[in-house]
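Inspection log for the structure reproduced underneath, given as structure tokens.
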Amino acid sequence: MTRNPLIVPAALAATAALVLGLTGPADAATARVTDPDDTAHGSDLLAVRIVNGENRLLVVTTHQNLRRSPSSGSSGTLYVDTDADDKGPEFVFVGGYFQGTDYVLLHTEGFGHKKWGDPVEGTYSMKLDYRHEKVRMRMSKDALDGAESVRIADRVAGTRSDGTSTGLVDWLGEPRSFTDWVDEG
């Protein structure tokens, strides 16, 4: 029997890739939270995934019928709490969820736009994925003052076809409620 010298290394590489692929990232703690289908608008929040890594925080929100059109008025307000000894959030990530809009990470002293402060210095980004109906918000740990544990509260809103926005607000869970703490992992 003649052996092909490429078969054994290829088999080892495939096995290693399978094993490593199943273990997932070793440098981040992840939490997933679901939210009911409770608004009939494109910004309806269905789920949130929090990945708290050593160098960055990633929050991915999943929506129903996320729309590119500015007439949707879809937007999100993600509150980030980094200090268990200080009641309320220290940061807020605000952005539109329709094409052509912008976003910013701000300091805050609590909930509501009247408590928002200056923009954060540091690296952060937001990507809209209409095909998969997801919004990805990345924040460097430098931008979050090196926070090791975080929890979030998320609020999305939109505009009805008649131009009003009353009633089109969807919080992750109860209004102004946070997820459990997610430690850096």
Side-chain angles (χ1 to χ4, degrees), residues 27-31 33 35 41-45 47-63 66-130 132-159 165 168-173 175-185:
D27 62 341
T30 302
V33 183
D35 189 69
H41 190 267
S43 60
D44 186 18
L45 182 63
V48 175
R49 182 171 57 114
I50 305 163
V51 182
N52 190 8
E54 182 180 332
N55 297 313
R56 72 174 181 185
L57 172 65
L58 170 66
V59 178
V60 180
T61 57
T62 303
H63 304 267
L66 195 61
R67 302 175 190 165
R68 294 177 189 270
S69 173
S71 66
S72 73
S74 295
S75 64
T77 308
L78 179 78
Y79 292 97
V80 182
D81 189 3
T82 60
D83 185 352
D85 296 328
D86 183 15
K87 185 179 178 181
E90 285 72 43
F91 301 94
V92 60
F93 200 119
V94 184
Y97 291 173
F98 53 89
Q99 194 168 24
T101 190
D102 208 352
Y103 59 88
V104 66
L105 179 63
L106 303 165
H107 293 278
T108 189
E109 291 297 323
F111 291 99
H113 70 274
K114 291 182 180 179
K115 301 197 179 205
W116 297 352
D118 294 327
V120 169
E121 290 190 26
T123 304
Y124 55 91
S125 66
M126 182 174 81
K127 303 277 187 208
L128 305 170
D129 180 351
Y130 296 102
H132 296 102
E133 301 190 288
K134 295 186 184 298
V135 177
R136 290 176 178 83
M137 293 161 276
R138 290 180 172 91
M139 295 149 268
S140 72
K141 288 298 181 85
D142 289 339
L144 298 176
D145 296 334
E148 292 181 6
S149 295
V150 299
R151 62 183 184 160
I152 62 126
D154 196 17
R155 176 188 185 275
V156 295
T159 305
S165 61
L168 289 176
V169 174
D170 187 12
W171 282 89
L172 177 64
R176 295 178 179 83
S177 66
F178 286 102
T179 63
D180 291 334
W181 287 96
V182 180
D183 295 329
E184 185 178 283

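Being a predicted model, the structure only gives us computed values, none of them experimental.
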task = Grab the two heavy atoms, one from Arg151 and one from Thr179, that are nearest each other, plus how far apart they are.
result = CB-O, 3.4 Å
request  = Grab the two heavy atoms, one from Val104 and one from Pro119, that are nearest each other, plus how far apart they are.
outcome  = CG2-CB, 4.1 Å
task = Mind telling me whether Phe93 and Tyr124 have parallel, tilted or perpendicular rings, with 30° and 60° as the class edges?
result = perpendicular
ask   = When rounded to the nearest 0.5 angstrom, what distance separates OG1 in Thr77 from OH in Tyr79?
value = 5.5 Å
message = Measuring only between side-chain heavy atoms, which start at C-beta, is Met137 closer than 4.5 Å to Thr61?
response = yes
request  = Look up atom CE in Met126 and atom OG1 in Thr101, then write down how far apart they are to the nearest 0.5 Å.
outcome  = 6.5 Å
key: Flag side-chain contact, heavy atom, 4.5 Å: Leu172 against Ile152   = yes
message = Rounded to the nearest 0.5 Å, what separates atom CG in Asn55 from atom NZ in Lys141?
response = 8.0 Å
Non-hydrogen atoms of Arg155 and Trp171 that approach each other most closely = CD-CZ2, 3.4 Å
key: Distance, nearest 0.5 Å, that separates NE2 of His63 from CG of Asp129   = 10.5 Å
ask   = Mind checking whether Phe178 and Pro89 have side chains closer than 4.5 Å, heavy atoms only?
value = yes
query = Heavy-atom distance under 4.5 Å between the side chains of Leu78 and Met139, does that happen here?
reply = yes
query = At their closest point, which heavy atom of Ala153 faces which heavy atom of Ser177, and how far apart are they?
reply = CB-O, 3.3 Å
ask   = Are any side-chain N or O atoms of Asn52 and backbone N or O atoms of Glu148, one a donor and one an acceptor, separated by less than 3.5 Å?
value = yes
inquiry  = Quick check: closest heavy atoms across Ala143 and Thr123, and the distance to 0.1 Å?
reply    = CB-O, 3.9 Å
ask   = How far does CG of Leu57 sit from OG of Ser149, to the nearest 0.5 angstrom?
value = 11.0 Å
message = If we ignore hydrogens and angles and just use 3.5 Å, is the side chain of Ser74 paired with the main-chain N or O of Phe98 as donor and acceptor?
response = no
ask   = Would you say the side chain of Asp145 lies within less than 4.5 Å of the side chain of Phe91, judging by non-hydrogen atoms?
value = yes
message = For the backbone of Gly122 and the side chain of Asp142, can you confirm whether one donor and one acceptor N or O come within less than 3.5 Å of each other?
response = no
message = Distance check, rounded to the nearest 0.5 Å: Glu109 atom CD versus Glu90 atom CD?
response = 7.5 Å
request  = Give the C-alpha distance, both sets of side-chain angles, the deciding distance and a yes or no for side chain to side chain contact (heavy atoms under 4.5 Å, CB included) between Ser125 and Tyr103.
outcome  = CA-CA 8 Å; Ser125 66; Tyr103 59 88; 4.0 Å; yes
query = Looking only at heavy atoms, what is the nearest atom pair of Leu66 and Tyr97, with distance?
reply = CD1-CB, 4.0 Å
